Amino acid sequence: MPEPNGQPLLQLNNIEVIYDRVILVLKGLSLEVHKGQIVALLGANGAGKTTTLKAISGLLKPERGEVTDGSILYNGEPIQNQYPEDIVRKGIFQVMEGRRIFEHLTVEENLLVGAYTRRDRHNIRKDMDMVYAYFPRLKERRHQVAGYLSGGEQQMLAIGRALMARPRLMLLDEPSLGLAPLLVMEIFNIIKRINQEQGTTILLVEQNANIALQIADYAYIMENGRVVLDGTPEVLRENPDVREFYLGLTEVGKRKSYREVKHYKRRKRWLT
Amino acid sequence: METFIHLTVAGLTNGMILALAALGFVLIYKATDVINFAQGEFLMVGAYLIYAFIVQFGMPWTVSVVLTLALAVVIGVVVERFVLRPLIGEPIISIIMVTIGLSSLMRAIVSMIWGNQPKAMPPFIPSQPVRLGPAVVTADRLWAIAVAVLMLVLFALFFRYYKEGIAMRAVADDQQAAMSMGISVRRIFAWAWSISAMVAAVAGALVANIVGVGPELAGFGLRVFPVVILGGLDSIPGALLGGIIIGLIESYVGGYVGHGLHQVIAFVVLVLILMVKPYGLFGQERIERV
């Protein structure tokens, strides 16, 4: 595992995000991603995970969202509130939630669109072969219209399309969404391989805390627009709150008692 | 037989010009989801521009064509930048209303500059008679068909193989996802409007060569609707085929039946086809996996 020392590749300092000038979604969120790491960002629905990714990638802008406070540093350079096309050119690529492949384009055209910002056109063929090596199923279907791929294949295409941009930092939003458990395993194994073989740094948003903690080097847990807990997966896995609320584990063989109901209160402690 | 060939050539010429006008319409709809009610006015402006350069300024037709195309691109970009861009994110109906306003504005500007009288245009495309089996047709009509086919082939290739063309289709599919790929949606919109204005100008020049220029050329905008709805609002091959079908039907009905029926026959066909294929012949059906 790469050592988290020196300047982080990505640093969010106390950022605040407001939608439509009134809705405060992120309330002073800070996190760091170091080069070569896989960092997981976990949390319940509505915690602000996707907003965090969009704040980084610039996709807040078309949704009338804005980073109103704090800073987002990429390689030490502030990048908040820039256009997504400028941020992609800097090497940050977001794989959006729900796959969002171009349904009426073929698999191969989808991959070409992923390489839209590339200047070295002659390497694109080679990278396409690399994507096909990671996802052989895409190669079989490369001339098919992407809308008719299965959910798993679409997720593979979404990740492959991101690879075509050769990003240094990949933001993955819920890659497990709507996929069968076996497929989730397969996709996460490939994410890990991409991280190791291509040296791509990954910031991963997940609901499925269990699998995310298996491949992550470091993890943050968000609630209500801020980070409430962070640490290495080993540390987080031992945390009783994480075990209960995110991993769904309780002490084996223990009888359900009134005391467990009170755990709900302990969760509240984080919110204040 | 002779009449048939005449009607066929006339129908094909009209159909091809309709297809070009429809192509501009489809481009904008495909990339930006906007139904452009000013498409006919773009065509009319193209016709007046070529008239101005050839007749009023006395330039050679090659230079005139280049200048007309260049100006059309400028008009497309200006319209996108100052009329459409401020409306990004607004309800689609407002944008459509704005294109209707734009069409009145363009018509008004044209009549301010050139007046309301139709003007004759000395044909700049060679129009010597050509023997086609038993019939004799003029070469300008064949040229119009050739130019239109060439344009349509170029666009099909553009959308299939060129980076910006594929990006345009991606934007049409999912704007936000396209942004996440680093595609500048504003730039793609500008591309769509300027290409569309250019295609309309080519169609305008072809029409001007055959029938002269006048404000009634804007009526092509209305005639495009049966074509695009028949072919599918977002389909380029559909625009081509729809244009040919409507052009031929109008021509045959005008020639064999007469009584002004050719002016409404397109809409009759339109209704019949929509009853069978609601997305048009080639329109994109919404993909739903089950």
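Computed from a predicted structure; not experimentally measured. Chain naming here is simple, since letters A, B, ... match the order of the sequence lines and numbering starts at 1 in each.
Using a cut-off of 4.0 Å between Lys/Arg side-chain N and Asp/Glu carboxylate O, R118(A) and D127(A) are scored as salt-bridged.
Side-chain rings of F225(B) and F25(B) approach one another, their centers coming within less than 6.0 Å.
A cation-pi geometry, defined here as NZ or CZ lying under 6.0 Å from the six-membered ring centre and within 45° of its normal, does not hold between R137(A) and F135(A).
For the set S180(B), A178(B), A177(B), S184(B), the count of heavy-atom pairs under 4.5 angstrom toward chain A peaks at S180(B). For the set M181(B), R187(B), Q175(B), the count of heavy-atom pairs under 4.5 angstrom toward chain A peaks at M181(B). Among M164(A), R121(A), K54(A), the residue making the largest number of heavy-atom pairs under 4.5 Å with chain B is R121(A). Between chain B and the options I101(A), V113(A), T117(A), V95(A), the largest number of non-hydrogen pairs under 4.5 Å is found for V113(A).
Both the backbone and the side chain of Y116(A) come within contact range of chain B, judged by heavy atoms closer than 4.5 Å. Residue K61(A) does not touch chain B at all, counting heavy-atom pairs closer than 4.5 Å. Proximity to chain B (any heavy atom under 4.5 Å) is shown, for L59(A), by both the backbone and the side chain.
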>> Under the criterion side chain to side chain contact (heavy atoms under 4.5 Å, CB included), I'd like the reasoning laid out for V199(B) against F155(B): C-alpha separation, chi angles, the key distance, then a yes or no.
In response: CA-CA 10 Å; V199(B) 180; F155(B) 278 104; 3.4 Å; yes
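Going from atom CG of L26(A) over to atom CG of L60(A) covers 8.0 Å, rounded to the nearest 0.5 Å. Taken from CG in L53(A) to CG in L41(A), the straight-line distance is 6.5 Å, to the nearest 0.5 Å.
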